[in-house]
Structures are given as C-alpha cells and as structure tokens.
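Everything on this sheet refers to the single structure shown next.
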Number of protein chains: 2
Amino acid sequence: MLLSTKGDYGVRAMIDLAKHEGEGPVQRAEIAKRRQIPESYLDHLLAQLRRAGFVRSVRGPGGGHLLAKPAEEICLLHLLEALEGSLAPLQCLDNHEPGAEAICGQEWVWQEIYDDMRRKLAAVSLAALAEHEREHERTAVVNYSI
Amino acid sequence: MLLSTKGDYGVRAMIDLAKHEGEGPVQRAEIAKRRQIPESYLDHLLAQLRRAGFVRSVRGPGGGHLLAKPAEEICLLHLLEALEGSLAPLQCLDNHEPGAEAICGQEWVWQEIYDDMRRKLAAVSLAALAEHEREHERTAVVNYSI
DNA sequence: GTATTCACGACCAATTCAGTCGACATTGTA
DNA sequence: TACAATGTCGACTGAATTGGTCGTGAATAC
Ligand code: FES
Ligand code: FES
C-alpha cells in the first residue's frame with residue numbers, strides 16, 4: 001500500500017474544500033460527514049494541511065476551513081507529499097546509496113515508474129478533481145433518472 | 001512505501017538465481033552474502049517463492065535453490081505480487097466498494113497510475129533484469145579502468 | 001459571557017516489519 | 001552406517017506505524 005488513509009482522507013477533505021471554494025469556511029463536522037472521515041482524526045489532517053500551507057482555518061462561530069490558495073494551483077503531488085511524506089515506492093529511491101546497483105539490479109525499473117507517477121500526479125490539480133467529481137454527479141443523476 | 005524489504009530482497013534473490021541459471025543450485029548463504037540479505041530472513045523469502053512456484057530447492061550437500069522455470073517466463077509483476085500481496089497503491093483499488101466515487105473523487109487518477117505500473121512490471125522479465133545487471137557490470141568495469 | 005468552532009498534545013490498541021532462533025528433515029560422501 | 005552439509009518450518013520478538021480517541025485550551029461572533 002503506497003498511501004495510508006491519511007493521504008486518502010486528506011485529499012478527500014481538500015476536494016471538499018475545493019468544491020466549496022468561494023463560499024466561505026467549511027466546518028470540520030461537515031467535511032467529516034460528507035467524506036466519511038472520523039472527525040477527531042480529520043482534525044489532525046487539517047492541522048497538517050494548514051502547516052503545509054494548503055489550508056487556512058478560522059475559529060469561532062461561522063468558522064471553518066478554506067483553501068489557502070486557488071484550487072488550480074494545488075496539485076495532487078504536492079498535496080500527497082505533504083500528507084504522506086515521500087511517495088517513493090522503495091526506500092532506496094529517496095536516499096540513494098552508491099553501489100546499490102551492484103547488489104540490487106532493479107532500481108532502474110522503479111525509478112521509471114516513480115517518475116511517471118509523479119508526472120501524472122503533478123498534472124492533476126484540485127480544481128480538476130473537483131470538476132471531475134461534479135461531472136460524475138451529473139452522469140450519476142442522469143443514470144438514476146432513466 | 002509501496003514495497004517492503006520483502007519484495008526488494010526477494011527480487012534480489014531471484015536476480016541472483018537468474019544469473020546462475022543452468023549452473024546448478026545456488027546456496028542460501030551465497031545469495032545472502034552477495035545480495036546483502038540476512039540469511040535467516042532470506043530463508044522465509046525463499047520458502048514463499050518456492051510455495052509460489054518460482055523456485056525449486058534441493059536439500060543435502062551440494063544443494064541449494066534454482067529457478068523453477070526459465071528466467072524469460074518470470075515477470076516482475078507476478079514475482080512481486082507473490083512476495084508482497086497486492087501492489088495496489090490504495091486499498092480501494094483492490095476491493096472496490098460501490099458508491100465510493102461519491103465520497104472520494106480521486107480513484108480515477110490512481111486507477112490509471114496502477115494500470116500503468118502493472119503494465120510496466122509485466123513487461124520486465126527476470127532475464128531482462130539479469131542481463132541489465134550484467135551490462136551494468138561491464139560499464140562499471142570500463143569506467144573503473146579508465 | 002457564552003456558545004461555537006478550531007488547536008494541540010497525550011494516549012492507545014492493533015497490526016506489520018524485519019528479523020532471530022531452534023528443532024528437524026533430507027541427502028551426498030567417507 | 002555415521003556424519004556433514006544443506007534446506008524446512010514454526011515460534012517468538014522488539015520496534016515502528018497506523019488509525020484513531022479524548023481532554024483541555026484558545027479564539028471569536030454574538
Ligand atoms: S535497493 Fe533499490 S531497488 Fe533494491
Ligand atoms: S476511497 Fe478510493 S481513492 Fe479514496
């Protein structure tokens with residue numbers, strides 16, 4: 001498993017914020033309910049996202065959480081790296097020791113896969129994810145109404 | 001981390017066997033030394049690989065381990081899945097629950113990355129890995145001799 | 001000043017990782 | 001036949017990670 005629930009939940013929460021961009025703060029309890037995340041756990045994730053500069057939070061009545069920057073400027077790669085640390089499929093791709101190739105001749109395969117994955121994740125913005133979800137909702141409704 | 005040391009060590013061992021294909025059994029101690037794997041741990045991995053049908057083992061003096069089928073017919077995908085279980089980057093890609101898209105709109109991204117990764121791993125055979133390593137050895141020697 | 005909301009850290013149970021160890025089975029050789 | 005070399009198997013373990021819960025406290029709108 002490359003991603004723990006932390007990454008998954010964190011992205012879910014961010015998609016939720018993106019879908020309510022420009023509508024003022026969204027409360028933790030709302031996100032937790034809509035995205036099926038334990039609220040007290042979501043607390044930690046939002047804290048992490050806030051420290052990483054993706055989220056801005058407002059206290060007091062009517063408070064909640066908002067995107068700290070436009071959804072178009074947040075890509076899945078940076079988001080997940082903030083939540084999960086490195087996404088490297090193998091330890092050695094992060095801190096590469098010289099001479100490793102001699103004892104383990106498979107790094108080239110994984111390096112390529114890793115690069116490819118990062119490229120793909122970098123190409124997906126939060127705005128794209130939110131739009132994709134809206135699109136999905138529309139087709140789901142259509143299917144239901146038939 | 002998608003792969004634990006189990007997968008990495010296991011593949012290292014298999015590459016070692018592939019490089020000695022046709023030369024009779026290779027002993028655990030040799031593999032462990034060459035590939036820097038704790039020998040008693042390697043024991044478990046070889047057992048797993050044997051149960052999965054990739055390795056044949058011979059007991060007694062002069063015994064050891066060999067590939068159970070030609071190196072060309074063993075691909076990295078099946079090998080790693082035997083060692084690690086599923087390689088899915090997220091739980092939900094294995095046992096997909098209906099309705100998940102409504103609460104977590106990112107599966108499409110990961111599904112694509114996953115499919116891509118599997119395709120790449122399936123395209124790499126143990127023979128290719130062994131050959132790649134031999135090639136690397138040659139260029140390393142050349143570099144050293146300059 | 002009170003209700004609402006976020007902020008932060010302590011704590012926890014379960015699981016997985018990365019092994020180690022010891023007893024045992026098999027087989028080639030002297 | 002005895003013995004040495006080798007693989008086989010399962011029990012056990014310490015450390016880390018995962019996926020949370022809970023309680024206290026701080027900010028702020030009203
Ligand atoms: S040590 Fe890097 S792939 Fe094995
Ligand atoms: S539940 Fe599948 S990607 Fe989030």
Side-chain angles (χ1 to χ4, degrees), chain A residues 1-13 16-17 20 24-33 35-68 80 83-92, chain B residues 1-13 16-17 24-33 35-52 54-68 80 83-92:
Chain A
M1 219 61 52
L2 181 61
L3 269 63
S4 60
T5 59
K6 211 167 168 175
D8 190 32
Y9 287 170
V11 172
R12 289 191 203 180
D16 207 79
L17 293 187
H20 295 82
V26 182
Q27 281 142 33
R28 212 169 49 183
E30 282 185 65
I31 306 175
K33 189 180 165 204
R35 302 295 170 162
Q36 298 196 20
I37 306 169
E39 194 180 336
S40 41
Y41 190 35
L42 177 56
D43 186 5
H44 290 340
L45 306 181
L46 287 169
Q48 209 170 330
L49 290 165
R50 189 169 354 98
R51 279 191 296 268
F54 292 112
V55 164
R56 194 161 54 84
S57 304
V58 183
R59 295 205 238 199
H65 307 269
L66 326 84
L67 296 184
L80 282 169
L83 286 162
E84 295 274 356
S86 163
L87 297 182
L90 285 138
Q91 201 99 22
C92 62
Chain B
M1 219 61 51
L2 180 60
L3 269 64
S4 61
T5 59
K6 212 166 168 175
D8 190 32
Y9 287 171
V11 172
R12 289 191 203 180
D16 208 78
L17 293 186
V26 183
Q27 282 143 33
R28 212 170 49 181
E30 283 185 63
I31 306 175
K33 189 180 166 205
R35 301 297 169 162
Q36 297 197 20
I37 307 169
E39 193 180 337
S40 42
Y41 191 35
L42 176 57
D43 186 5
H44 290 338
L45 306 181
L46 286 169
Q48 208 170 330
L49 290 166
R50 187 168 358 97
R51 280 191 295 269
F54 292 113
V55 164
R56 194 162 55 82
S57 304
V58 183
R59 295 206 239 200
H65 308 268
L66 328 83
L67 295 184
L80 282 169
L83 287 161
E84 295 275 354
S86 162
L87 296 183
L90 284 139
Q91 200 102 20
C92 63

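Keep in mind the model is a prediction, meaning the values are calculated, not measured. A, B, ... follow the sequence lines: proteins, then strands. Residue 1 opens every chain.
Listed nucleotides C:dA18, D:dA26, D:dG10 differ in distance to B:His44; the shortest reach to its side chain belongs to D:dG10. Set against C:dT4, C:dC6, D:dT8, the side chain of A:Pro61 has C:dT4 as its closest nucleotide. Nearest to the side-chain atoms of A:Tyr41 among the listed nucleotides D:dG20, C:dA25, C:dA7 stands D:dG20.
At a threshold of 4.0 Å, the pair B:Arg12-B:Asp8 counts as salt-bridged, since one of the basic side-chain nitrogens sits closer than that to a carboxylate oxygen.
Separating the CG atom of A:Asp8 from the P atom of D:dT18 is a distance of 14 Å, rounded to the nearest angstrom. What separates CG of A:Leu83 from P of D:dG19 is a distance of 13 Å, to the nearest Å. In this structure, A:Gln27 places its CD atom 13 Å from C1' of C:dA3, rounding to the nearest Å.
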Check your understanding: Please walk me through it: do B:His65 and B:Val26 pass side-chain contact (heavy atoms from CB on, under 4.5 Å)?
Key -> CA-CA 5 Å; B:His65 308 268; B:Val26 183; 5.7 Å; no

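No hydrogens or angles were tested; on distance alone, a donor-acceptor pair under 3.5 Å links the side chain of B:Asp43 to the base of D:dC9.
Using a 4.0 Å heavy-atom cutoff across all strands shown, B:Arg50 reaches sugar-phosphate atoms only and no base atom. Nucleic acid contact for A:Ser40: base, since at least one base atom lies under 4.0 Å from a heavy atom of the residue.
Take the nearest nucleotide of DNA chain D for A:Pro38 and for A:Gly62: the residue whose nucleotide is more 5' is A:Pro38.
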